[in-house]
Amino acid sequence: MSFCQVFEQSINICASATVVERVITDRDLMHRWLNPLLRCEPIGDWDTSVGSRSRFIILIPLLKPTLISVVIEREPGLIVWGFQGFFQGRDRWECQPIPSGTKLINRFEFEIANPFIEFGFNRFAATFTKADMEAQLRRLKRVAEEINQS
């Protein structure tokens with residue numbers, strides 16, 4: 001029996017919520033902060049409105065595990081992707097304006113139905129995944145602040 005796991009982190013960014021949201025949702029900018037082993041490809045045209053679909057592909061030679069994502073919630077400053085594949089979950093990105101710019105909150109919640117995959121993830125990949133998500137936020141911050149200054 002699987003259980004829901006949640007990784008949540010936040011970062012303050014010296015850029016407006018509009019700029020931060022653009023860095024999250026513009027596919028070219030997204031690939032500047034995503035882990036280099038992760039690619040996002042649209043299914044159809046790239047769009048971030050509710051119902052839009054894409055593939056997140058982990059670039060592991062031969063395997064290339066893929067998650068299908070669908071935008072399940074969208075409003076200014078908020079986007080939530082729902083995932084299905086070797087696990088199910090949601091990846092929520094929320095931009096909250098603060099006096100110095102934007103507080104970005106990323107909440108990733110997921111379940112892994114296969115007990116063997118869940119055990120392997122918890123044993124070998126959970127710590128790496130959390131650290132990678134934190135590094136991803138730092139890269140996103142750099143991109144947003146660079147755009148904000150130009």
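This is a predicted model, so every value here is computed, not measured.
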Answer with yes or no whether the hydrophobic clustering places [X] together with [Y]; edges join I, L, V, M, F, W, Y residues whose side-chain heavy atoms lie under 4.5 Å apart.
| X | Y | value |
| --- | --- | --- |
| Leu78 | Phe7 | no |
| Ile58 | Phe83 | yes |
| Ile13 | Leu34 | yes |
| Met133 | Leu140 | yes |
| Val71 | Trp46 | yes |

When Gln96 is tested against each of Thr102, Leu104, Ile105 for side-chain contact (heavy atoms from CB on, under 4.5 Å), which residue passes?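 Exactly one pass, corresponding to Ile105.
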Kindly determine whether Leu67 and Phe110 satisfy side-chain contact (heavy atoms from CB on, under 4.5 Å), including the steps that lead there. CA-CA 12 Å; Leu67 293 171; Phe110 60 97; over 6 Å; no
How far apart are the closest heavy atoms of Asn12 and Glu145, and which atoms are they?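 Minimum heavy-atom separation between Asn12 and Glu145: O-OE2, 4.5 Å.
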Hey, does the side chain of Glu21 reach the backbone of Gly77 with a donor-acceptor pair shorter than 3.5 angstrom?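 It does hold such a pair.
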Using atom types as modelled and distance alone, determine if a side-chain donor or acceptor of Glu109 lies under 3.5 Å from a backbone N or O of Arg90.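 Answer holds: no.
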Is it the case that more than 12 heavy atoms not belonging to Arg74 sit under 6.0 Å from its CZ atom?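 Counting neighbours around CZ of Arg74, more than 12 heavy atoms of other residues, nucleotides or ligands fall under 6.0 Å, so yes.
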Passes salt bridge (charged side-chain N to carboxylate O under 4.0 Å, His left out), Arg92 versus Glu94? Steps please. CA-CA 7 Å; Arg92 184 178 201 279; Glu94 181 179 2; 2.7 Å; yes
Find the distance between [atom1] ([X]) and [atom2] ([Y]) and round it off to the nearest 0.5 Å.
| X | Y | atom1 | atom2 | result |
| --- | --- | --- | --- | --- |
| Arg107 | Ser10 | CZ | OG | 12.5 Å |
| Glu134 | Arg139 | CD | CZ | 11.5 Å |
| Arg138 | Ile11 | CZ | CD1 | 7.0 Å |
| Ile68 | Ser54 | CD1 | OG | 8.0 Å |
| Ile147 | Leu29 | CD1 | CG | 4.5 Å |
| Cys95 | Lys103 | SG | NZ | 12.5 Å |

Where does the angle between the aromatic ring planes of Phe56 and Trp81 fall among parallel (under 30°), tilted (30 to 60°) and perpendicular (over 60°)?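 Perpendicular.
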Apply side-chain contact (heavy atoms from CB on, under 4.5 Å) to Asn148 and Val20, showing your working. CA-CA 9 Å; Asn148 195 58; Val20 174; over 6 Å; no
Among residues two or more places apart or on two chains, list those pairs meeting side chain to side chain donor-acceptor pair (under 3.5 Å) that have a residue in residues 23-38.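 For residues 23-38: Arg32-Glu146, Asn35-Asp132.
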